[in-house]
Amino acid sequence: MLVEKPNNQISIIIPTYNESQNILNILKSIKENLPKNISAQAIVVDDNSPDGTGKIVDDYLKNLKKITNYTIEVIHRKTKDGLGSAILKGIQQATGDTIVVMDSDFSHPPQIIPKLVESIKKYQYDIAVASRYIKGGKIENWSAKRKLISKFATLIAKKGLGINTKDPMSGFFAFKKNILNGLNIDAIGYKILLEILVKTKNVSITEIPYTFQDRELGSSKLSMKTVFDYYKSVWKLYRYGKPEEEKEKRKSVKFLYKAARFYTVGASGFVVNYLISLLFAGGISDMWYLHANVIGIIASISTNFILNKAWTFGDRDFRIKKTMSQYGKFALFSSLGALVQLGMVYFLVDSAEISYPLALILAVATAAFGNFVLNKKFTFKE
Ligand code: GDD
């Protein structure tokens with residue numbers, strides 16, 4: 001989105017779908033209720049309404065006497081892509097530094113526009129919401145069912161997303177265009193205000209009471225899909241801003257995953273060590289058992305190294321050249337682990353008088369953990 005310089009213009013976004021009976025009247029009423037000393041750009045965003053709403057405005061514009069402080073534009077979209085995305089399209093075309101969003105069916109009275117604009121231009125709020133749910137605001141002619149749906153959706157937004165605005169579901173609001181700079185707006189479904197409230201940080205918000213009057217002409221486009229889209233967008237917004245948390249979670253899962261592989265490799269090393277030591281001390285040769293054990297240890301360190309390099313840390317930088325120095329570090333840490341283990345067992349059994357089996361568990365666990373951490377950090381570093 002372009003960075004807008006402050007100007008003395010407002011852009012009023014009016015999404016339409018099958019509003020042939022309302023559109024010209026609302027455009028006229030908006031003109032009559034414009035704030036003083038300001039120029040306004042009305043942008044009708046029509047989704048190829050089958051009742052010809054878009055064309056009606058086009059024809060009206062052909063015969064309209066041009067006036068300087070009020071222009072009307074129409075954006076024709078090919079298909080019905082939803083209210084939120086229609087509003088976003090309008091915002092992208094807007095040249096005013098202040099945006100007003102409203103329905104075209106008179107449920108949002110144009111008489112409120114000056115109050116919204118005053119909140120932004122004079123009182124310098126970032127967002128002004130025309131609100132049904134603060135003192136002085138109300139809804140007329142909605143069925144009990146529709147009221148319930150609206151209240152429930154509002155409750156979910158407030159509790160689930162931690163929104164303090166009393167009417168975050170309002171489709172009637174104004175804001176400084178530049179608060180959207182750098183934001184990625186998805187505009188799923190109807191509730192673009194909710195998305196703006198969640199995604200903008202440190203913005204000032206005010207609410208202006210108004211009476212929502214259900215439309216007299218045409219019909220609401222609210223459908224099951226709209227409701228479904230609403231939950232989808234709430235879920236997306238709920239996850240918004242949590243990527244850091246997710247990253248941390250992924251990091252700890254990755255750590256556990258690597259540790260599991262490292263110890264599986266360690267267990268395989270134990271088997272290799274055991275079998276090779278036996279093999280050389282009596283199996284294929286009659287080597288002195290300590291010499292055979294040294295061969296067993298070297299063999300297990302080597303197989304452990306190969307498996308860890310290829311499997312446990314297989315996702316990390318692989319360069320043949322580095323392999324020998326890695327092998328050296330791995331052998332060093334393994335030997336260090338063995339020394340720590342021996343030292344700990346000796347101390348725990350002899351000085352702390354802990355039983356040998358328990359001392360062994362503690363020492364093996366400490367050495368194994370240290371081994372893993374050191375090799376992860378230094379031998380196979382990312
Ligand atoms: N371009 C376009 N595309 N316009 C649409 C679409 C669409 O897919 N769907 C609806 N509109 C237009 C309508 O023509 C109307 O001007 C406005 O968006 C609102 O649509 P309605 O279907 O009449 O909505 P509603 O009255 O049920 O709900 C309205 O009021 C609620 C309370 O303030 C909406 O503004 C809601 O967003 C709002 O929460």
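Whatever order the structure lists ligands and atoms in, that order sets their numbers, starting from 1. Small disclaimer: the values here were computed from a predicted structure and weren't measured.
Between F172 and H108, the ring planes are parallel. Angles under 30° get that label, and only those over 60° would be called perpendicular.
At distances below 3.5 Å, at least one donor-acceptor pair connects side-chain atoms of T303 with backbone N or O atoms of S300. S143 contributes a side-chain N or O that, together with a main-chain N or O of R146, makes up a donor-acceptor pair within less than 3.5 Å.
Looking at ligand 1, you'll find an N or O of S220 within less than 3.5 Å of one of its N or O atoms. Taking only nitrogen or oxygen atoms, main chain and side chain alike, W142 does not reach within less than 3.5 Å of ligand 1.
We find that R132 and E207 are not joined by a salt bridge, their nearest charged nitrogen and carboxylate oxygen being 4.0 Å or further apart. By the 4.0 Å N-to-carboxylate-O rule, D47 lies too far from K80 to be salt-bridged with it.
Nearest non-hydrogen protein atom to atom 3 (N) of ligand 1 is D47 OD2, 2.8 Å. Of the protein's non-hydrogen atoms, the one nearest atom 22 (O) of ligand 1 is K221 N, 2.4 Å. For atom 18 (O) of ligand 1, the nearest protein heavy atom (residue, atom name, distance) is L83 CD1, 3.2 Å. In this structure, the protein non-hydrogen atom closest to atom 5 (C) of ligand 1 is Y17 CB, 3.9 Å. In terms of protein heavy atoms, atom 12 (C) of ligand 1 is closest to P15 O, 3.5 Å. Scanning the protein heavy atoms around atom 10 (C) of ligand 1, the nearest turns out to be Y190 OH, 3.7 Å.
Not less than 6.0 angstrom separates the ring centroid of F106 from the ring centroid of F212.
Ranked by closest heavy atom to atom 4 (N) of ligand 1, the top entry among N18, T53, I139, T16 is T16. One option in M102, R132, H108 has a heavy atom closer to atom 32 (C) of ligand 1 than any other, and that option is R132. Looking at D103, L193, I149, it is D103 that brings a heavy atom closest to atom 35 (O) of ligand 1. Counting only non-hydrogen atoms, the option in K89, E19, R77 that gets closest to atom 15 (C) of ligand 1 is E19.
Only the backbone of V45 comes within 4.0 Å of ligand 1, judged by heavy-atom distances. The part of R146 lying near ligand 1 is the side chain, judged by heavy-atom distances below 4.0 Å. Residue contacts with ligand 1 for A86 involve side-chain atoms from C-beta outward but no N, CA, C or O (heavy atoms, distance under 4.0 Å).
Residue contacts with ligand 1 include F212, since one or more of its heavy atoms lies under 4.0 Å from the ligand. Residue S107 places every heavy atom at 4.0 Å or more from ligand 1.
The side-chain tip of K376 does not point at the ring of F262 from less than 6.0 angstrom away and within 45° of straight on. A cation-pi arrangement is absent between K329 and F378, since the terminal nitrogen or guanidinium carbon is not both under 6.0 Å from the aromatic centre and inside a 45° cone about the axis. Geometrically, K151 engages Y133 in a cation-pi contact defined by less than 6.0 Å to the ring centre and at most 45° from the axis.
A side chain to side chain contact (heavy atoms under 4.5 Å, CB included) with F173 is found for one member of I196, D167, V100, L116 and no other, namely I196.
Shown in contact with D105 at under 4.0 Å from a heavy atom are these atoms of ligand 1, numbered in order with element: 23 (O). Atoms of ligand 1 lying under 4.0 Å from at least one heavy atom of R215, given by number and element, are 21 (P), 23 (O). Those atoms of ligand 1 that come under 4.0 Å of a heavy atom in K80, given as number and element, are 7 (C), 8 (O), 9 (N). Near M169, with a cut-off below 4.0 Å to any heavy atom, the atoms of ligand 1 are 38 (C), 39 (O).
The minimum heavy-atom distance linking M169 with S150 is given by the pair CG-O, 4.4 Å.
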Side chain to side chain contact (heavy atoms under 4.5 Å, CB included) assessment of T366 paired with M344 = CA-CA 9 Å; T366 309; M344 244 184 111; 3.4 Å; yes

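Inspection of the E195 and S233 side chains reveals no N or O donor paired with an N or O acceptor under 3.5 Å.
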